[in-house]
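Reading through the structure tokens given below for one structure.
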Amino acid sequence: MVLNFIRKLALTSFLFFAASAAVSAQTFVFTAIPDEDETKLVERFRGVADYLSEELDADVRYIPVKSYAAAVSAFRNNQVQLAWFGGLSGVQARALVPGSEAIAQGEEDQEFFNYFIAHKSTGLDRADTLTDELRGKTFTFGSKGSTSGRLIPEYHIRDIFGEAPEDVFDRVGFSGNHTRTLRLVESGTYDVGAINYKVWEKELEDDNINTDEVKIIWKTPAYPNYQWSIRGDVDENYGEGFTDRVREALLALDDPELLESFPRSAFVPASNSDYDPIRSVAKEIGIID
């Protein structure tokens, strides 16, 4: 009888430590909104995965997704525990997972902005606001779920013209991402488009823009944008203090090559309340309830 008790105790202890080992060895997975070409994203975030693996002493893996909605769904379904979101997708994702937090943002994301760009055939020049010269032109957003590719541009179009984009432009499309928006306007497939300034500046730096064909015609006011968001149950599943360790690792990231790939100069602290303006705009134009 005593022997049976000892055996049961030993088995219980074995199962406990086996379970603990399984939890500690659990892979920590993250994703990112597909705001650029996939090859660029894979290169960027593999580097982040390697960095986090070393800093957290854990198995960290990046998985790509095909759409903004897929990034939000993966976060909601605990297929990923961390994500690099835009302002709107972050607001949407955190609302679906209680306790989730925005933990870091790029230094430049505190005051992000957009460029409206136009093909040379439009004859449009840079101005301090959007003008009636845009009426009747064709226009492309980026992704339907993008802060800088859709939410902010649509807000300003509605605010300035007092009408929906479909009533201002002859044709309205969605390119899918910022790089594609640039190419569609540069080629003349669309007359005008909205692009986040970081993509424009990076492509310009890399000599990937034909400035004889496409130009900036307007710069939006600043707003908060991209951020790292983490699920509210991470400490429960990965160990007490894991969220803080992830936050500290991201804020300590100082590899110039890795930061340049975003491109950002550094990551700084962020909180959910930083994105209240995004939530308000999204409600105002009916993107979220």
E38 meets the salt bridge (Lys or Arg N to Asp or Glu O under 4.0 Å) criterion, sequence neighbours left out, with K66
Beyond-backbone contact of I278 with P224, side-chain heavy atoms, under 4.5 angstrom
yes
L52 CG to F45 CZ distance, which is reported to the nearest 0.5 Å:
10.5 Å
Donor-acceptor pair, distance only, cut-off 3.5 Å: does the side chain of R183 make one with the backbone of H178?
no
Does the side chain of H156 come within less than 4.5 Å of P221's, by heavy atoms?
yes
Residues forming a salt bridge (Lys or Arg N to Asp or Glu O under 4.0 Å) with D132, sequence neighbours excluded:
R135
Got a second to check how far I216's CD1 is from L204's CG, nearest 0.5 Å?
7.5 Å
E43 atom CD: more than 12 heavy-atom contacts under 6.0 Å
no
Rounding to 0.5 Å, atoms CZ (R46) and CG (L258) come to a distance of 14.0 Å
Give the C-alpha distance, both sets of side-chain angles, the deciding distance and a yes or no for side chain to side chain contact (heavy atoms under 4.5 Å, CB included) between D167 and F161.
CA-CA 9 Å; D167 297 322; F161 293 104; over 6 Å; no
Quick check: is L124 connected to V185 through a chain of hydrophobic side chains (ILVMFWY, heavy atoms under 4.5 Å apart)?
no
Does the N237 side chain pair with the main chain of D233, one donor and one acceptor, at a distance under 3.5 Å?
yes
Assign the ring pair F113 / Y197 to parallel, tilted or perpendicular, where the plane angle (0 to 90°) is split at 30° and 60°.
parallel
Any chance you could lay out the side-chain hydrogen bond (donor to acceptor under 3.5 Å, both in side chains) test for R94 and S229, step after step, and finish with the verdict?
CA-CA 8 Å; R94 292 191 300 274; S229 286; 2.7 Å; yes
Check whether T140 reaches the backbone of T181 with its side chain - one donor and one acceptor, N or O, closer than 3.5 Å.
no
If you measure from the Lys or Arg side-chain nitrogens to the Asp or Glu carboxylate oxygens, is any gap between R245 and E55 under 4.0 Å?
no
Within the side chain of R231, is there an N or O that forms a donor-acceptor pair under 3.5 Å with the backbone of F75?
yes
Should R150 and I287 be marked as a side chain to side chain contact (heavy atoms under 4.5 Å, CB included) after you check the CA-CA gap, both sets of side-chain angles, and the distance that decides it?
CA-CA 10 Å; R150 192 275 181 88; I287 292 179; 3.8 Å; yes
Is N177 reaching over with its side chain to a backbone N or O of R180, donor-acceptor style, under 3.5 angstrom?
yes
Do E203 and K40 pass the salt bridge (charged side-chain N to carboxylate O under 4.0 Å, His left out) test, and can you show the C-alpha distance, the side-chain angles, and the key distance before you say yes or no?
CA-CA 12 Å; E203 291 295 297; K40 294 182 180 180; 2.5 Å; yes
Linking I/L/V/M/F/W/Y whenever any side-chain heavy atoms sit under 4.5 Å apart, do L253 and I230 land together?
yes
Measure the NZ-OG distance between K283 and S280 for me, rounded to the nearest 0.5 Å.
7.0 Å
Candidate pair Q105 and R264, rule side chain to side chain contact (heavy atoms under 4.5 Å, CB included), full reasoning:
CA-CA 9 Å; Q105 61 185 330; R264 299 294 187 275; over 6 Å; no
Within the supplied structure, the quantity of interest is the number of heavy atoms (other residues, nucleotides, ligands) at a distance under 6.0 Å from D207 CG; does it exceed 12?
no
Is atom CD of E111 surrounded by more than 12 heavy atoms (other residues, nucleotides or ligands) closer than 6.0 Å?
no
Whether the Y68 and Q92 side chains hold a donor-acceptor pair (N or O, under 3.5 Å, no angle test) is what I'd like checked.
no
Do F267 and Y62 belong together in a cluster built from hydrophobic side chains that touch within less than 4.5 Å?
yes
Linked, directly or transitively: V199 and F116 (ILVMFWY side chains, under 4.5 Å):
no
Mark yes or no for whether S148, through its side chain, and N196, through its backbone, hold a donor-acceptor pair below 3.5 Å.
no
Quick one, F141 and S146 - any side-chain contact, counting heavy atoms below 4.5 Å?
no
Would you please name every residue forming a salt bridge (Lys or Arg N to Asp or Glu O under 4.0 Å) with D125, sequence neighbours left out?
K215
Do the side chains of V97 and N78 get nearer than 4.5 Å, heavy atoms only?
no
More than 12 heavy atoms of other residues, nucleotides or ligands under 6.0 Å from CG of D128: yes or no?
no
Euclidean distance, I152 CD1 relative to L88 CG, rounded to 0.5 Å:
9.0 Å
Any sub-3.5 Å donor-acceptor pair from S100's side-chain atoms to G232's backbone N or O?
yes
Determine whether I160 and W218 make a side-chain contact, defined as any pair of heavy atoms from C-beta on separated by less than 4.5 Å.
yes
Examine distances only and state if a side-chain atom of S261 and a backbone atom of R44 form a donor-acceptor pair shorter than 3.5 Å.
no
Side chain to side chain, E260 and E205, heavy atoms closer than 4.5 Å
yes
Which of these, E213, K120, H119, sits in a side chain to side chain contact (heavy atoms under 4.5 Å, CB included) with E186?
E213
Any sub-3.5 Å donor-acceptor pair from D274's side-chain atoms to S271's backbone N or O?
yes
Could you tell me whether E54 atom CD has more than 12 heavy atoms of other residues or ligands within 6.0 Å of it?
no
Kindly compute the distance separating CG (L151) from OG (S143), expressed to the nearest 0.5 Å.
11.5 Å
Student check: side-chain heavy atoms of N208 and T179 closer than 4.5 Å:
no
Examine the side chains of D191 and T138 and answer whether a donor and an acceptor come within less than 3.5 Å of each other.
yes
Test E284 against R158 for salt bridge (charged side-chain N to carboxylate O under 4.0 Å, His left out), laying out the working first.
CA-CA 11 Å; E284 186 175 337; R158 289 176 178 270; over 6 Å; no
Option from F85, F112, Y275, F262 for which ring pair (Phe, Tyr, Trp, His ring centres under 6.0 Å) with Y226 holds
F112
Taking the six-membered ring of Y190 as reference, does the cationic atom of R171 (NZ for Lys, CZ for Arg) lie under 6.0 Å from its centre and within 45° of its axis?
yes
Assess, by modelled atom type and distance only, whether the side chains of D235 and T243 contain a donor and an acceptor separated by less than 3.5 Å.
yes
Step by step, work out the side chain to side chain contact (heavy atoms under 4.5 Å, CB included) result for D35 and L41.
CA-CA 8 Å; D35 60 344; L41 296 176; 3.6 Å; yes
Is I285 reachable from I157 through a run of I, L, V, M, F, W or Y residues, each pair having side-chain heavy atoms under 4.5 Å apart?
no
Counting N and O atoms only, with roles assigned by atom type, does the side chain of D109 sit under 3.5 Å from a partner on the main chain of N225, one being a donor and the other an acceptor?
no
Measure centre to centre between the rings of F30 and F28, then say whether the value is under 6.0 Å.
no
Can you find a heavy atom in the side chain of V246 that is under 4.5 Å from one in the side chain of V234?
no
